[in-house]
Structure formats: C-alpha cells, structure tokens
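First the proteins, then the strands, lettered A, B, ... as listed; each starts at 1.
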Amino acid sequence: MELVIPALLILAVSGALSFKWKYFGLAGALVAAIMTSVNHPVILMIFIVALLNLVSFDLMRGFLRGIDYTLVGLIFVATVYAFYTQSLAMLLTMFVAASVPTYMLVMTADKDIRMDVGIKYITFMVIATILFIMGAVILISSVNTPLYYIGYAMLLIGLAIEVGVAPFHEWVPDVFDAADPIPISVVASIAKFVPFIVAYKILTTVQIDYNLLVFTGIISSISMFIGNIGGLTSTKPARILAYSTVANMGYILATLSVIARPEFIYIAFAGALLQLITNAFGKVGFFVGIKDGGASPISSYLIALSFIGLPPLMGFWGKFYILMSLVYANIIWLAAILVINSAMSVPYYIRLAKLVGIGSQRSLAATIVGICALIMFLTVVPPDWVIESSKILTNYLTIGGV
Amino acid sequence: MEAVELMEMNPAIWLTLFFAPIIASFPIAIAWVTRQDEFARRLSVISIFGLFVSFVITVYILFGVEEGRYVYPWLPSLGINFAFMVDYLSKYMGALTGIIAFLIGVYGYEYMKEDYRLGWYWFFFNLFTASMLLVVYSDNLLMLLIGWEGLGIASWGLIGHWFRDDDELSYVGVIGRKVGPLDMFWSPSTGGWRAISTIRIGDIPMFFAVAAIFTLTGSLDISQINWEHLFEMIGPWGTIILLIAFLMGPFTKSAQLPFSEWLMTAMTGPTTVSALLHSATMVAAGTYVFMRLSWYVEPWKLHGAGVETVYLIVLFVGLISSLYGASVALASRERKVLLAASTMSSLGLMFASAAASKWVGEFAIVVAFWYLMTHAFAKATLFLVAGHLIHVTHDRFLCGDIEVMKKLKTSAAVTLFATIALAGIPPLTAYWVKAAMDEVLHELIHDVGVLPLALLIIISVVYSAFLAKFFVLNFVKGKKVHLHLHGGGVMTLAYTFMVSMLVILLVVISGAFDEHAHEFVHAGLVATSAGVGLLVLAAYVIGYVKPEYNSPIGQVLYDRVYVMALNDFIVPKIGWAIAWVCDAFNRFVDYVTHKAIPDLIEAYSNGIRAIQSGSLERYVKIVVGLILVVLLIASVMGW
C-alpha cells in the first residue's frame with residue numbers, strides 16, 4: 001500500500017512521456033502495476049486482465065495511443081487500492097479514479113473521435129457517480145433515520161447506472177455498439193470491479209434491512225431477465241455482448257442481497273469476484289475478436305460455453321458460488337431466477353460464438369483471444385483458492401474512520 | 001374348510017411336466033428357421049414325444065400321487081411360493097389335458113404335414129400345453145397368471161398361424177360379404193388379434209383383483225386364503241367388485257357374452273388348434289378357474305349379500321350365453337363355427353352349474369366339472385372329424401352327402417356316437433351328467449326360481465338339434481362335393497381314441513369307481529330326467545329329418561345377432577376417440593412449446609430492444625424518471 005503513491009507518480013510521468021514514444025506509457029503502466037500487485041490470487045487474476053487490456057491496445061491506432069496505457073494502469077492501481085483501503089474517502093476517490101479514465105477511452109477510435117458515444121456515456125456516468133457518492137455518504141452517516149432508505153436507494157441506483165444494470169441500462173447497448181471494440185473491452189472488463197468492491201465495503205459496514213434485500217433482489221432479477229431476453233433476438237455481436245453485460249451485472253448484483261447474513265458474505269464475495277473475473281476475460285476475448293474481424297472458432301466457443309456456465313469452465317464456478325451463497329442465505333427465489341436465466345442465455349451465446357468464430361487475421365489478436373479462452377480452464381480443478389482469497393479479503397471489508 | 005395337507009414330492013417331476021413339451025419343441029422351432037425340408041418336418045415327432053412325456057406324468061399324478069399341496073420356495077419374503085395343488089379337480093383335469101394334447105399332437109402330425117410354418121406351430125402348441133398344465137395344477141394365483149398369459153400368447157400365435165391371409169380355406173365367413181358397416185368375414189391375422197385383444201381386456205381387471213387379494217389377505221394361495229374373512233372385511237360391494245373383476249378373466253377366456261366373438265373367428269386357426277384350445281382346454285380354463293375358486297371359497301357356507309349377487313350374475317351370464325351360443329350354432333353354415341358356438345354354449349352351462357353351488361353345495365361343482373370333461377372329449381372329437389372333412393372336401397362349409405359316409409365309415413360312426421353322447425340322449429355319457437345338472441338347477445327353484453331350469457331344458461333341446469344337423473349335413477343330406485381321399489389313417493386313429501374316452505367316462509360313472517360321479521346314476525334314473533332325455537332325443541330326430549330351414553330369424557342368428565359390432569365397430573371407434581384426444585393434447589403441447597412461448601419471448605425481446613432508440617434525451621428521461629420513482633418509494637418506506 002505504501003507503493004501506491006510512487007506508482008501513481010510513475011504513471012503520471014510515463015503518461016506525459018508517452019507523447020514522445022507511446023511505449024513509454026506502456027512501460028510506466030507495467031511498472032506501476034507490478035509495484036501495486038499483491039501476491040494474492042484474485043489480484044493476480046485482475047493483473048492478467050489489465051495486462052491483456054494493455055497489450056490489446058496494439059491492435060488500434062488513434063489519438064489516445066500512448067496515454068491509453070496510463071489510463072488502464074490507473075484503473076488497475078485504483079482497483080487494488082480499493083480492495084485494501086479502509087477509509088471511506090479513499091474508497092470514493094478510487095470509485096472516481098476507476099471511472100473517469102473510461103470517459104476518454106470510449107471516445108477513441110482508429111481514425112476519428114466518437115463524440116456522440118462520449119456524450120452519451122459521460123452523461124450517464126456522471127449521474128451514476130453523483131448518486132453513488134451522495135448515497136454512500138448519506139448511508140454511512142444516517143443509520144436508523146428515514147434518510148437511510150433514500151441513501152441506500154441512491155447508492156444502488158448509482159451502482160446500477162455505473163455498471164449497466166437494468167432498468168438503468170439504456171446506455172450499454174448503444175455505447176457498446178458505437179464505440180471501438182478495444183476501449184469497450186476495457187470498459188466491460190476491468191472497470192467493473194471497483195464499483196462492486198466499494199458497494200460491498202459500504203454495505204457490510206452498515207446495518208442492512210430485510211426490505212432492502214428484497215429490493216436488491218428485484219432489481220437484479222429485472223436486470224437478468226432484460227439482459228437475457230433482450231439478447232435473444234439481437235443479431236450484432238457488440239449488442240449481444242451489451243445485453244450479456246446487463247445480465248451478468250444482474251447476477252453479481254444478486255450477491256449484494258446476501259449481506260443480510262454476515263456469516264455467508266465470504267461466499268457471496270467469492271462468487272461476485274469470480275463472476276467478475278470470468279466476465280472480464282470473456283469480454284476482452286470477444287471484443288478483441290470483433291476488432292480483428294473474427295477469432296478462432298475453438299476460442300470463441302470456449303468463451304461462450306464459459307459464459308453459459310458449463311462445468312468445469314470458470315463461468316460455471318462463478319454462478320455456482322453465487323447460487324450457493326443465495327441458498328445458504330435462504331433467498332431461494334432469487335436462486336431459481338438465476339438458474340432459469342442461465343438457461344435462457346444459451347441461444348444467444350452460441351449465436352455470438354458462431355458470428356465471431358470465423359477465423360482471425362492478426363496473430364496478436366488470436367493470441368489474446370486464445371489466452372482468454374485458455375484461462376477458462378483454470379477451474380478444471382475446483383477453485384478453492386477463490387474462497388480462501390475471499391475470506392482474506394473480507395477482513396478488509398469494514399470501513400473504519402473517514 | 002378342511003385343512004389341505006402339505007405334501008412332499010421331488011420337484012423334478014413338476015419341472016419335467018412343464019418343461020418337457022417346451023424343450024421338445026425347440027429342435028423343430030430352431031431348425032425351421034433355416035430349413036423347411038423333409039428332415040425338419042420329421043422333428044415334430046420330438047415335440048409329440050414331449051407331449052407324451054407330460055401325458056405320462058399327468059396319469060402318474062392321477063393314480064400315483066396323494067392329494068394335497070406341494071410347495072416350493074419362490075419369493076419367501078413376500079409369502080409367494082410355487083404351490084401346486086393335487087385335488088379332485090386338478091387330478092382329472094391334468095390327465096384330461098395330457099391325453100387330449102397328446103392325441104391332438106399325433107393327429108396334427110398328419111394334419112399339418114404340408115404346412116409352411118411348422119416351427120412356429122409346434123413351439124406354440126407345446127407352450128400352450130405347458131401353460132395349461134400350469135393353470136390346472138397351480139394353487140398360487142401368481143403362478144396361475146403366468147400360465148394364463150402363456151395360454152393367451154399361444155392362442156394368438158396359433159390362431160394367426162396362417163398369417164399371410166392367402167388361403168380362403170382359413171377364413172371365417174363369406175369373403176366380401178358386408179352387413180351395413182360391418183365386414184362379415186375375418187382372416188387369420190384378424191382372428192389372432194381379436195383373440196388376444198379380447199382376452200387382454202379381461203386380464204386387466206383380473207390382474208388388479210389378484211393384486212387386491214394379495215394386499216388384503218397377504219396370501220395368493222387359493223386354498224389357503226380365508227375367503228370368508230376377506231369378504232366380511234370388504235363388505236358386499238367390495239366383494240362384488242373384487243370377484244367380478246377377477247372373473248372378467250374367465251369370462252373373456254371362456255367367451256361368454258359379450259366377449260364371444262373372438263372364439264367364433266378363432267376358427268381361422270388350424271383345426272388342431274380349434275380342437276385343443278377352443279373346445280377342450282383353453283376356453284375351459286376360465287370355467288375351471290371358476291370351479292377351482294368356488295371349491296375353496298365354499299359359497300354355500302357364506303351368507304353375505306355380495307357373494308350371492310356374484311353367483312347370481314355368473315349363473316345368468318352363463319345361461320344367457322349358453323342360449324345365445326346354442327341358437328347361433330343352430331343357424332350356422334360353417335362346420336367349425338357351428339362347433340365353436342356350441343362350445344360357447346357348453347361353457348355357459350358349466351358356469352351356470354358351478355354357480356349353482358352357492359345354493360346347492362359342492363355337488364354342483366362336481367356336475368359342472370364332469371360336464372367339462374364329457375364336453376372336452378366329445379367336442380375335441382368333433383373338431384378333429386371336422387378337420388378331416390375339411391381336408392377331404394376342401395371346403396369349410398357344411399357339405400357332404402351319403403357318399404361321404406360310404407367313403408369315411410369310421411369318421412361317420414365316430415361322429416354319430418359323439419353327437420349322441422354329447423346331446424344327452426340316454427343311456428350315453430352326457431345323459432347322466434345332464435340329468436345331474438337338471439337336478440342341480442331343479443334345487444334352485446326355491447331360491448332363484450324356475451327360470452334356470454327352464455333355460456337349461458330349452459338349451460339342451462337346441463343343442464341336440466344342431467348336433468344332429470352337424471352329422472346330417474356332413475355325412476347324409478349335405479351338398480354333393482368332390483372328395484380328396486388320401487391318407488387320413490393317423491387322423492382317424494387319433495379321434496377314434498378320443499371318442500373312446502367317452503366310453504371310459506361312462507364306465508367310471510356307472511361302475512361307481514368315483515364316489516361323486518356315482519350320484520349321477522341316481523339322478524339319471526329319476527323320471528323327470530328321463531323325460532328331458534326323451535325330449536332331447538326327439539329334438540335329435542327332428543334335426544336329423546329337417547336339418548335346414550330358412551327364415552329371417554335364422555339369418556339374424558347366422559349373423560350372430562350382430563355382436564361383432566362390438567369388436568369391429570364400437571371398440572375401434574372408442575380407440576380412435578382416445579387416439580384423437582392424445583393427438584389433440586400432443587398438438588397443444590407442441591403449440592405451447594414451439595409456437596406460443598417462443599413467440600411471446602420474441603415479442604418481449606423486441607420490446608426491450610425497442611427502448612434503444614438512440615436518443616440520449618429519451619434515455620435520460622427514462623433514467624431520471626425511474627430514479628425519482630425509486631427515491632419516492634424509498635422515502636415512503638423510510639417514513
């Protein structure tokens with residue numbers, strides 16, 4: 001943790017230097033990332049996501065080349081710090097630090113600058129950030145007053161808009177479709193971690209009410225259904241991935257309702273993290289594939305099967321831990337809805353794999369997609385390391401002091 | 001109920017009894033698959049030898065084995081064992097089955113000489129014999145059901161033996177004739193189907209009844225079940241439902257109304273099959289099981305209303321079926337259909353007499369049983385003669401003038417003797433048995449009325465008349481026909497032996513060799529019995545003099561009072577209705593899963609995607625609107 005400040009400094013310097021030669025930015029980002037990495041399985045997974053994101057930038061040109069490395073490095077550093085810090089102020093800062101770099105990233109493209117995408121995205125993100133921060137502060141300082149419910153609602157809606165949970169998901173399909181696939185692969189992968197981690201920390205510190213649990217469950221169910229049903233008739237790969245994100249965020253949001261039973265939080269957290277990791281690798285794989293005009297059929301089907309939740313691929317275990325936590329916490333209806341939705345998602349993932357799996361052109365893209373597909377096999381041996389990881393990380397969940 | 005003794009005997013005897021015929025049929029059954037030459041045909045001798053072995057064992061059981069139960073373990077934890085019963089009924093019935101099967105087997109050696117499917121024939125013939133013996137000797141209802149099913153499948157296989165439906169001689173009815181929507185002609189394959197389907201419909205309630213008996217009493221052994229206690233436990237309605245369900249098996253197997261049609265069209269099978277199955281043994285199995293049941297239920301000792309109702313039902317079903325059968329036989333124009341209808345009539349009388357035991361006692365069952373035996377030998381003989389005639393005249397309809405009698409003297413003599421003996425003309429065998437039956441039904445007048453006795457006398461008269469018709473229209477006054485006389489020695493020998501069994505029965509009755517049968521002599525010497533005997537004789541003479549008489553009623557009877565509408569029209573329509581309902585349900589499921597639900601989801605999906613109009617203004621409106629709604633709800637909840 002002590003190395004965070006130096007890491008940020010290195011990022012800043014290398015970012016400036018990247019105007020001279022873009023790979024200065026890459027070097028700086030790498031150094032900063034290694035400095036902040038902790039020898040911890042989950043963090044290492046996120047590190048690999050960040051690496052893939054950094055490397056995938058080589059597939060595109062555009063006005064942000066060089067500084068895009070810095071932006072991703074910043075998101076990574078913010079994510080790791082968010083895991084370990086126990087100060088509310090720092091948490092909210094990290095929330096912003098992980099969100100803002102994406103504002104620039106979505107606008108970049110090979111030739112021009114995509115203003116309309118940027119405006120749409122930034123509008124929603126700003127609303128999200130405002131709601132989230134206000135909700136967090138109200139929630140922390142107003143236990144047992146009527147404002148508590150309003151605070152919780154604002155926090156949840158902020159989170160929902162930030163990551164793309166229905167019914168606040170309107171920006172996701174448009175942005176995912178209109179922007180360049182590579183920056184979207186960053187937005188859809190590594191940028192999703194921090195909002196959930198911060199929300200977990202805030203909610204575990206506060207007393208949670210049964211009604212709020214039901215409210216969270218309802219929102220996540222809506223998101224699951226809209227994401228899966230919407231994806232069923234989509235034809236463009238980017239749009240299918242957008243609805244897939246909406247659904248996956250629904251699955252992860254469902255784990256927040258387990259916070260009512262503190263003894264099972266570690267399973268819920270494990271499920272959420274594993275699902276986020278699977279989602280990250282999968283989205284990187286597919287979006288890089290879309291950028292390249294196609295990917296190897298084997299890789300794209302493997303990633304699709306992982307998203308569907310076929311054991312023993314990684315996607316199965318994420319959903320499994322989420323279901324386990326829901327069942328232990330006795331929220332059976334939400335578990336049932338999750339299972340039904342998993343089944344509903346099969347057709348569009350297969351369609352996606354068929355659309356994308358038509359063969360790649362550039363070897364770098366093929367390598368990145370191949371690595372993403374291969375990582376899905378990591379859980380052939382049941383991943384107890386995620387549970388153990390989660391147990392350690394839950395020690396850092398409670399916030400002490402401001 | 002006197003306790004039945006538990007006895008010991010080497011199980012090898014039972015095993016040989018049942019398995020000898022089956023295994024003996026394997027050589028020809030297996031060989032026939034690949035070769036159908038002279039050598040393969042001779043293998044039928046092995047099958048006949050298997051029947052002989054069984055016959056010897058049944059005779060041994062008749063004379064050398066003590067009466068009692070012979071039990072061998074099967075499913076001891078459930079209390080279900082192989083239980084064989086050697087008693088009055090099974091001793092005689094077993095020997096009867098053994099000798100009839102053997103004699104018909106010998107007959108069949110010559111009769112089926114030119115057949116194209118001998119492997120099939122001998123396998124099912126011997127399987128039938130083994131199954132019948134199993135039914136005869138079983139005390140355990142489950143074992144009996146195994147035999148029962150064997151009878152059914154053998155019946156199907158043998159009736160539909162000439163499955164190619166290519167020989168007019170194997171049909172029943174005038175081919176091409178229709179009455180209304182009904183085809184009045186049936187092929188062997190149709191005959192086989194009608195037999196098995198009718199029997200199956202009876203088997204279903206019977207199976208349920210057996211299961212119910214086991215559940216309620218914990219035992220399946222007919223002689224061991226406490227029937228009185230069972231009937232008290234389930235009450236009168238329960239008794240009626242249980243017993244009638246059980247009796248559906250015997251009713252369908254013994255072709256009582258309205259299940260009689262299958263027996264008429266079973267004549268599409270080879271005549272050996274008609275002789276063995278459809279006169280002497282298989283159809284008698286139904287009545288035999290009823291007699292066996294009554295023997296141990298002892299209804300004359302029970303006072304419940306349920307038992308009385310059941311026995312009344314059986315009494316009248318038997319009598320009405322008998323009257324129907326006799327009338328149809330009287331109007332019949334085909335040799336084997338006449339005999340089939342007459343068999344149905346006799347079976348009805350057996351049921352009626354055994355049912356009379358409720359009021360008369362065990363003697364009524366003995367009478368019914370002796371009638372079964374007399375009828376078995378007589379009818380088997382007549383069928384074998386009919387088969388010989390069909391071979392010789394190449395025609396299945398009643399035909400043959402005095403030339404036939406001259407050329408086939410032995411056959412004519414045997415037929416005359418068998419018909420007179422069966423009709424009940426004194427002093428031959430059936431007279432004494434029928435006299436005893438008159439006496440039994442006479443005793444019913446006090447409890448049931450005079451109707452049973454009146455029906456019996458009418459039936460006896462009609463019976464005698466058509467037996468005379470059978471003799472006369474085949475050997476004396478029938479249509480002139482060309483004769484194919486070659487061979488026939490073995491066949492004649494077989495049915496001569498068969499008819500001589502009637503003489504043996506007469507000797508047993510008159511010579512007091514059997515303590516029960518001696519009663520028949522007393523009954524026969526009563527004046528009223530003699531009167532009935534004379535009436536029967538008169539009917540025979542009238543039938544001899546005028547065997548044919550055309551009338552509209554006769555035509556209706558010839559068409560068997562259109563009972564086939566049940567098998568050929570009503571039941572198929574019900575089947576089609578069920579099929580239609582299933583089809584409708586299938587189409588509904590298909591619609592829901594392949595059309596309704598996918599279309600619904602597609603509509604929702606398109607609706608969700610329609611939100612994405614591209615307009616940021618619209619999106620912001622939606623989101624801000626939702627935010628305000630949620631915050632409102634939250635504040636209300638907080639309050």
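- Of the possible donor and acceptor atoms, none in the side chain of B/Glu602 sits under 3.5 Å from a partner among the backbone N and O of A/Thr233.
- Within 6.0 Å of atom CE in A/Met344, more than 12 heavy atoms from other residues, nucleotides or ligands are found, so the atom counts as buried in its surroundings.
- Rounding to the nearest 0.5 Å places CD of A/Glu170 at 7.0 Å from CG of B/Leu626.
- In this structure, chain B has a heavy atom under 4.5 Å from the side chain of A/Thr123, while its backbone stays farther away.
- Residue B/Arg609 comes nearest to A/Gly230 through the heavy atom pair CD-O, 3.5 Å, listed as atom of the first residue, atom of the second, then distance.
- Other residues, nucleotides and ligands place no more than 12 heavy atoms under 6.0 Å from the CH2 atom of B/Trp156.
- Taking the side chain as every heavy atom from C-beta outward, B/Tyr619 and A/Phe124 approach each other to under 4.5 Å.
- Remark: B/Phe19 CZ is loosely packed, at most 12 non-hydrogen atoms of other residues, nucleotides or ligands lying under 6.0 Å away.
- Atom CH2 of B/Trp237 has 12 or fewer neighbouring heavy atoms from other residues, nucleotides or ligands inside a 6.0 Å radius.
- Within a 6.0 Å radius of OH in B/Tyr591, no more than 12 heavy atoms belonging to other residues, nucleotides or ligands are found.
- Here the straight-line distance linking atom OG of B/Ser613 with atom CG of A/Asp174 works out to 7.5 Å at 0.5 Å rounding.
- Looking at A/Ile161, the atoms closer than 4.5 Å to chain B (heavy atoms on both sides) all sit in the side chain, from C-beta outward.
- Comparing B/Ile627, B/Ile601, B/Ile611 by how many heavy-atom pairs each has under 4.5 Å with chain A, the most go to B/Ile627.
- Scanning all heavy atoms of the two residues, the minimum distance from B/Leu631 to A/Ala153 falls at CD2-CB, 4.0 Å.
- Within a 6.0 Å radius of CZ in B/Phe569, other residues, nucleotides and ligands contribute 12 heavy atoms or fewer.
- Between the side chain of B/Ser605 and the backbone N or O of A/Ile229, at least one donor-acceptor pair lies under 3.5 Å.
- Ranking A/Phe215, A/Tyr152, A/Trp171, A/Tyr243 against chain B, the residue ahead of the rest is A/Tyr243, based on heavy-atom pairs under 4.5 Å.
- Around CZ of B/Phe163, the count of heavy atoms belonging to other residues, nucleotides or ligands within 6.0 Å exceeds 12.
- Both the backbone and the side chain of A/Ile150 come within contact range of chain B, judged by heavy atoms closer than 4.5 Å.
- Shown here is B/Phe214, whose CZ atom has more than 12 heavy atoms of other residues, nucleotides or ligands within 6.0 Å.
- Contact of A/Leu156 with chain B is not made at all, since no heavy-atom distance falls under 4.5 Å.
- A donor-acceptor distance shorter than 3.5 angstrom exists from the side chain of A/Lys120 to the backbone of B/Gly614, with no hydrogens or angles considered.
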